2 protein chains.
Amino acid sequence: MTDGQAAAVLGALADPTRLAMLRHLVRAGPEGAAAGTSAEAVGATPSRASFHLKALERAGLVTCRRDGRSMIYAARMDALGAVISHIVDDCCAGSPALRACCR
Amino acid sequence: MTDGQAAAVLGALADPTRLAMLRHLVRAGPEGAAAGTSAEAVGATPSRASFHLKALERAGLVTCRRDGRSMIYAARMDALGAVISHIVDDCCAGSPALRACCR
DNA sequence: GTCATATTTCAACTTTCCTTGTATTGTTGA
DNA sequence: TCAACAATACAAGGAAAGTTGAAATATGAC
C-alpha cells in the first residue's frame, strides 16, 4: 500500500459523520445496514448520508449491495485492518509501543 | 477521545507528504529531526514542510523544540497509538479480526 | 553590528470538500 | 400502469486545505 492510497483511506475516515457511520456499520456486523438506517443512526439527511457512504465506498472501507428498495452497506474489516497495518508496520517501523496500543 | 478529535488526527494523517514526514520522524527516534532534514527527506520545500509539520503538531502527532537555528520535530508515538486505539477499540467494537492486524 | 543559515509567516491562487435542496432513478405493492 | 417509497445524482454555495514564492523572524558565527 502506498502513502497515497493510505492517505486516501485516512481521508475517508477523517470526518466525524463517517466515523459514526462506520461504527454503526461495524456494529451491524457482516449483514450490514440500509443507508436510511445508518442515516437515522447518525442524524444525517438521506442526501448527506448517501454522500458520506459513497465516500467510504470509494475508499474501499464499505461494500454496497441492493436489497429490494434498500441499499445495504457493510463494513470491510480487512480494508480497515490494511490501513492500520500500514501505519503500524510500515510507517511506524513496527514500533513496539504502537503495537501495544492494539492489544 | 471523541469522533471529532479522532477525525482531526486522521485528517492530519490523510496526506502523503505528512505520512512520509511522520515516517521519517519515527525512524529518527525520540531525538527527532530538524525541519530542514525532514523537508529534504520527503522532497518538500522549506515552506511546504513547515506547513505540514505545523499541521502534525496541531494534531498532537509531533512535538517541537528549538535547538540553535534548527527546529527539532519528534513523533509522539502515544498520540499515534491513541487514535489507532480509538478506531480499533471504540469505533470498531474491538473486532478480533482488526486486532489481529496489529500483531 | 553584520552576515549567513534555518525556519516561519503571509498573501494570492487553486483545488477540494461538505452541505443543502431539488430532480431523478429504481423498486414495491395496489 | 400508477402511486408511494428508498436512495442516488446533480448543481450551487460557502468553507477549508494545499501550493507557491517572497518577506520576515530568530539564531549563531565572524
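Quantities reported herein were computed from a predicted structural model and do not represent experimental measurements. Below, chain A is the first sequence line, B the second, and so on; all start at residue 1.
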Q: Return the value, rounded to whole Å, for the distance between atom NZ of K54(A) and atom P of dT19(C).
A: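 It is 17 Å, rounded to the nearest whole Å.
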Q: Which distance, rounded to the nearest 0.5 Å, do you find between the OG1 of T17(B) and the NE2 of H52(B)?
A: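 Output value for this atom pair is 4.5 Å.
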Q: With respect to the side chain of R69(B), which nucleotide from dA9(D), dT8(D), dT5(C) is positioned closest?
A: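 Ranking dA9(D), dT8(D), dT5(C) by closest atom to the R69(B) side chain puts dT5(C) first.
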Q: Are L10(A) and L19(B) packed together at the side-chain level, in the sense that at least one heavy-atom pair is separated by less than 4.5 angstrom?
A: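 Sidechains of L19(B) and L10(A): in contact.
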Q: Could you check which of dG26(C), dG21(D), dC10(D) has an atom nearest any side-chain atom of S47(A)?
A: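 The answer is dC10(D), which lies nearest to the side chain.
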Q: M71(A) side chain: which of dA6(D), dT8(D), dT19(D) is closest?
A: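 Looking only at side-chain atoms, M71(A) lies closest to dT8(D).
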Q: Measure from the side-chain heavy atoms of P46(A) and tell me the nearest of dT8(C), dT8(D), dG26(C).
A: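 Out of dT8(C), dT8(D), dG26(C), the nucleotide with an atom closest to P46(A)'s side chain is dT8(D).
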Q: How long is the line joining CZ of R65(B) and C1' of dA26(D), in whole Å?
A: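 Between C1' of dA26(D) and CZ of R65(B): 17 Å.
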Q: Could you say whether D67(A) or F51(A) is positioned toward the 5' end of DNA chain C, judged by the nucleotide with the nearest heavy atom to each?
A: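 Looking at the nearest nucleotide for each, F51(A) comes out on the 5' side.
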Q: Find the distance R66(A):CZ to dT28(C):C1' and express it as a whole number of Å.
A: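 It is 11 Å, rounded to the nearest whole Å.
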Q: Kindly say if Y73(B) contacts the phosphate of dA6(C), meaning a side-chain N or O under 4.0 Å from OP1 or OP2.
A: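 No.
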Q: Please report, rounded to the nearest Å, how far the P atom of dA16(D) is from the CG atom of L10(B).
A: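 For the pair L10(B) CG and dA16(D) P, the rounded distance is 19 Å.
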Q: Taking atom CG of L56(B) and atom SG of C64(B), what is their separation to the nearest 0.5 Å?
A: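 Between atom CG of L56(B) and atom SG of C64(B) there are 11.5 Å.
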Q: NA contact type, A39(B), heavy-atom cut-off 4.0 Å: base, sugar-phosphate, or nothing?
A: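 It contacts nothing in the nucleic acid.
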Q: Could you give the CZ-to-P distance, from R18(A) to dT19(C), as a whole number of Å?
A: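 Whole-Å distance recorded here is 8 Å.
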Q: Select one nucleotide: of dT19(C), dA9(D), dT8(C), the one nearest the side-chain heavy atoms of H52(A).
A: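 Nearest to the side-chain atoms of H52(A), counting from C-beta on, is dT19(C).
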Q: Considering just the side-chain nitrogens and oxygens of R48(A), establish if one lies under 4.0 Å of OP1 or OP2 belonging to dG21(C).
A: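 For R48(A), the contact criterion (side-chain N or O under 4.0 Å from OP1 or OP2 of dG21(C)) is not met.
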Q: How long is the line joining CD1 of I72(A) and C1' of dT8(D), in whole Å?
A: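 Going from I72(A) (CD1) to dT8(D) (C1'), I get 15 Å.
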Q: Mind calculating the distance between CG (L56(A)) and C1' (dC18(C)) to the nearest angstrom?
A: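 Answer to the nearest Å: 14 Å.
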Q: Do the side-chain N or O atoms of S70(A) get closer than 4.0 angstrom to the phosphate oxygens (OP1, OP2) of dA7(D)?
A: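 The answer is yes; a side-chain N or O of S70(A) sits under 4.0 Å from OP1 or OP2.
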Q: Which comes earlier along DNA chain C counting from the 5' end, the contact point of D15(A) or that of G68(A), where each point is its nearest nucleotide?
A: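 Result of the comparison: D15(A).
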Q: Once you round to the nearest 0.5 Å, how far does CZ of R48(B) lie from CG of L53(B)?
A: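 Nearest 0.5 Å value for the CZ-CG distance: 11.5 Å.
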Q: Taking only residues two or more places apart in sequence or in another chain, which ones pass side chain to side chain contact (heavy atoms under 4.5 Å, CB included) with S47(A)?
A: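 If we apply the side chain to side chain contact (heavy atoms under 4.5 Å, CB included) test to S47(A), skipping adjacent residues, the hits are T45(A).
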